[in-house]
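Here is how names work: the chains are called A, B, and so on, in the same order as the sequence lines, proteins then strands, and each is numbered from 1. The figures that follow rest on heavy atoms only: side chains count, while hydrogens, waters and symmetry mates do not. These numbers were taken from a predicted model, which means no experiment stands behind them.
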Number of protein chains: 2
Amino acid sequence: MGTNFAELDPVIHSRVRLAVMILLLHAESADFTYLKKELEVSDGNLSTHLRKLEKVKYIKMQKRFENRKPKTTISLTEKGRNALDEYTTILDAYLLLASKAK
Amino acid sequence: MGTNFAELDPVIHSRVRLAVMILLLHAESADFTYLKKELEVSDGNLSTHLRKLEKVKYIKMQKRFENRKPKTTISLTEKGRNALDEYTTILDAYLLLASKAK
DNA sequence: AAAAATAACTTTGTATTGCAAAGTACTTTA
DNA sequence: TAAAGTACTTTGCAATACAAAGTTATTTTT
């Protein structure tokens, strides 16, 4: 896109995945059910979004058993943190343009 | 989605459509070729994005001939302006959460 | 004055995405 | 011990995004 509208990372530019990344930035780590409740998405939907983030190594998932139940703990990677930082910087520029016109 | 992550209008939450809306907010009106050059998208891609914005009445398109050539002039509607305003407000809240964690 | 080129789009075909229903592998409760 | 619950993953399908091809109107070559 043109100079004013730099490319927004399509892996992050999704309502669910952006929210996941931001939650992880705060929480340092979170488990599957916490994210599911917080974001009010279906299991299947969350699962596929997480896979997509994992595939590009923006998050990592650790699976283990806690109280005999499976427990997936998800956390941001350094790469993910950097990608989110770049994404928000670009998006800030978009929003600045939007606010200047008001 | 949960309380912290309000629903982002999916019609606006697209790289191209968000940029179109912001450009229109500044320019008051713009023509097809201007948007195409500014956003560096293909004709077909831009056309379908504009249709989507028009369908929900966020923009309106006026078609006429200028210098014997077709010319489509696109502008934001009041509804579109309000929708963009709400979208940016919600997105600002997302980004605030992202920046607080840094 | 046909034929080829250009402008400004729209439509079509296809690959990718997003979502929830269904499936898996257990564990807890009745 | 059958039924219900937990914590996910996989599957099927509808919606989206994109560019290639098509359309319409006009202009420039030959």
For the pair made of CG in A/Leu50 and P in D/dT10, what is the distance, rounded to whole Å?
13 Å
Take the protein atom CD of B/Glu40 and the nucleotide atom C1' of D/dC18, then report the distance between them rounded to whole Å.
16 Å
Separation of B/Lys36 atom NZ from C/dA7 atom C1', in whole Å?
9 Å
Looking at every non-hydrogen atom in both residues, tell me the closest pair between B/Ala83 and B/Tyr58 and how far apart they are.
CB-CZ, 3.4 Å
Closest non-hydrogen contact found for B/Leu23 with B/Glu38 is CD1-CG, 3.6 Å
For the backbone of A/Lys57 and the side chain of A/Thr77, can you confirm whether one donor and one acceptor N or O come within less than 3.5 Å of each other?
yes
Rounded to whole Å, please give me the gap between CE in B/Met61 and C1' in C/dT10.
10 Å
On a heavy-atom basis, which atom in B/Thr72 and which in B/Lys63 lie closest, and how many Å separate them?
OG1-NZ, 3.4 Å
Tell me the interatomic distance from A/Leu35, atom CG, to D/dA7, atom C1', rounded to whole angstroms.
13 Å
Would B/Thr88 and B/Ile12 satisfy side chain to side chain contact (heavy atoms under 4.5 Å, CB included), going step by step from the backbone distance to the final call?
CA-CA 10 Å; B/Thr88 56; B/Ile12 302 184; over 6 Å; no
Measure CZ/A/Phe32 against C1'/C/dA25 and give the value in whole Å, please.
15 Å
Give every residue pair that meets the side chain to side chain donor-acceptor pair (under 3.5 Å) criterion with at least one member in residues 41-53 of chain B, sequence neighbours excluded.
B/Arg17-B/His49, B/Lys36-B/Asp43, B/Asn45-B/His49
Do A/Val20 and A/Leu46 have side chains that approach each other closer than 4.5 Å (heavy atoms only, starting at C-beta)?
yes
Can you list every salt bridge (charged side-chain N to carboxylate O under 4.0 Å, His left out) pair that touches residues 19-29 of chain A, not counting sequence neighbours?
A/Glu28-A/Arg81
What heavy-atom pair brings B/Ile90 and B/Glu7 nearest, and what distance separates the two atoms?
CD1-O, 3.4 Å
Test side chain to side chain contact (heavy atoms under 4.5 Å, CB included) on B/Asp9 and B/Glu86; report intermediate values, then the result.
CA-CA 9 Å; B/Asp9 185 341; B/Glu86 199 192 331; over 6 Å; no
B/S/- along nucleotides 11-21 of chain C (protein heavy atoms under 4.0 Å) is B-----SSSBB
Worked verdict on A/Lys69 versus A/Lys71 for side chain to side chain contact (heavy atoms under 4.5 Å, CB included):
CA-CA 6 Å; A/Lys69 278 180 241 159; A/Lys71 176 135 178 170; over 6 Å; no
Measure all distances between protein nitrogen or oxygen atoms and nitrogen or oxygen atoms of nucleotides 12-15 of chain D, and list the pairs falling under 3.5 Å.
none

What residues from residues 63-70 of chain A pass a heavy-atom cutoff of under 4.0 Å to DNA chain D?
A/Lys63, A/Lys69, A/Pro70
To the nearest 10°, give me the bend of the helix from C/dA1-D/dT30 to C/dA30-D/dT1, comparing the axes of its five terminal pairs at either end.
20°
Between CG of B/Leu18 and P of D/dT16 the distance, given in whole Å, is 17 Å
When you measure from the side chain of B/Tyr94 to the backbone N and O of B/Ala6, does any donor-acceptor pair fall under 3.5 Å?
yes
Decide yes or no on side chain to side chain contact (heavy atoms under 4.5 Å, CB included) for B/Leu53 and B/Ile74, but give the supporting numbers first.
CA-CA 11 Å; B/Leu53 289 172; B/Ile74 301 131; over 6 Å; no
Does A/Lys71 reach a base, just sugar-phosphate, or nothing at all? Heavy atoms under 4.0 Å.
sugar-phosphate
